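Everything below concerns the one structure shown next.
Treat the numbers as computed from the prediction; the structure is a model and nothing was measured.
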Amino acid sequence: MKSLTFRWKLTLFIVLICGVSLSLAFVGLYIYDVRQSNLEVQRRIGSSRQLLVDSLTSILEQNPDATDLPLSLVAPDPQVAAAAVFSKDGKLLAQFIRPGVREIIPPAQRISGLMSTERAVIWSPIIPPNAPTIRNDS
């Protein structure tokens, strides 16, 4: 490095700075793309969830133990591999598993959602729009 002229040292320094800047730009672009992709998947799953909840609410109001629920409404969304409806006591009422997909419906949970890099599991209660709200005035 000492045998290089000032001109070559300056050229190498500029190339190094450009390489680091370009690398940082690519990393930033990758992070932005992954984040946008995750937001799009969450939006699509949220709209499918809302469609399912809206259609199941009236059916479950009339018969809370109905087992002939139209879970295939989520079939057009390729992001949804499976869907299930559980009763309040945790009994499986209905399930949908996309044909050709090996998926297992986990037992009922009390969590609202779980998101990882490979999959999202979203638990959502089906509450009628005219149901009384529970307030905690402590």
Side-chain angles (χ1 to χ4, degrees):
M1 193 72 169
K2 290 185 177 189
S3 63
L4 294 177
T5 64
F6 177 73
R7 181 175 170 184
W8 277 106
K9 288 180 182 178
L10 184 60
T11 302
L12 287 175
F13 182 70
I14 291 172
V15 168
L16 178 69
I17 295 296
C18 290
V20 169
S21 299
L22 191 59
S23 298
L24 289 175
F26 281 136
V27 167
L29 183 62
Y30 175 76
I31 290 171
Y32 175 78
D33 187 48
V34 167
R35 185 173 177 178
Q36 289 301 108
S37 176
N38 284 342
L39 288 173
E40 177 64 19
V41 167
Q42 287 177 355
R43 184 194 63 77
R44 289 179 59 194
I45 289 175
S47 67
S48 293
R49 183 193 66 79
Q50 190 61 44
L51 172 70
L52 200 56
V53 167
D54 290 345
S55 67
L56 296 178
T57 301
S58 61
I59 296 170
L60 292 173
E61 277 181 326
Q62 296 170 4
N63 182 6
D65 294 321
T67 58
D68 57 339
L69 302 172
L71 294 182
S72 61
L73 287 172
V74 295
D77 186 354
Q79 299 293 326
V80 178
V85 175
F86 294 93
S87 64
K88 286 184 180 180
D89 60 351
K91 179 182 147 195
L92 180 65
L93 296 177
Q95 69 179 2
F96 164 79
I97 298 177
R98 182 173 301 287
V101 174
R102 292 182 52 194
E103 190 65 41
I104 297 172
I105 303 289
Q109 301 281 325
R110 297 269 184 226
I111 60 174
S112 61
L114 171 67
M115 185 88 173
S116 69
T117 56
E118 297 175 7
R119 67 174 355 133
V121 178
I122 300 173
W123 298 95
S124 176
I126 298 174
I127 301 172
N130 57 356
T133 57
I134 299 172
R135 292 181 48 182
N136 186 5
D137 297 330
S138 302

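Listed here is the closest heavy atom pair of Leu93 and Ala66: CB-O, 3.7 Å. The shortest heavy-atom contact between Phe96 and Ser72 is CD1-CA, 4.1 Å. Closest approach of Thr57 to Val53, counting heavy atoms only: OG1-O, 2.5 Å. Between Leu71 and Ala84, the shortest heavy-atom distance links the atoms CD1-CA, 4.0 Å.
The hydrophobic cluster containing Ile14 also contains Phe6, counting ILVMFWY residues as joined when their side-chain heavy atoms lie under 4.5 angstrom apart, directly or transitively.
Just one residue in the list Leu52, Asn63, Leu56 forms a side chain to side chain contact (heavy atoms under 4.5 Å, CB included) with Leu69, and that residue is Leu56.
By the salt bridge (charged side-chain N to carboxylate O under 4.0 Å, His left out) test, Arg7 is found to be paired with no residue, residues two or more places apart in sequence or in another chain being considered. Considering only residues two or more places apart in sequence or on other chains, Arg44 meets the salt bridge (charged side-chain N to carboxylate O under 4.0 Å, His left out) condition with Asp77.
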Kindly list each side-chain donor-acceptor pair under 3.5 angstrom involving residues 19-36, sequence neighbours excluded, with atom names and distances?
residue	atom	partner	partner atom	Å
Ser21	OG	Ile17	O	2.9
Ser23	OG	Gly19	O	2.9

>> Could you walk me through whether Ser55 and Leu51 satisfy the side chain to side chain contact (heavy atoms under 4.5 Å, CB included) test, starting with their C-alpha distance in whole Å, then the side-chain angles of each, then the deciding distance to 0.1 Å, before giving a yes or no?
In response: CA-CA 6 Å; Ser55 67; Leu51 172 70; 5.5 Å; no

>> Walk me through whether Gln50 and Asp54 qualify under side-chain hydrogen bond (donor to acceptor under 3.5 Å, both in side chains).
In response: CA-CA 6 Å; Gln50 190 61 44; Asp54 290 345; 2.8 Å; yes

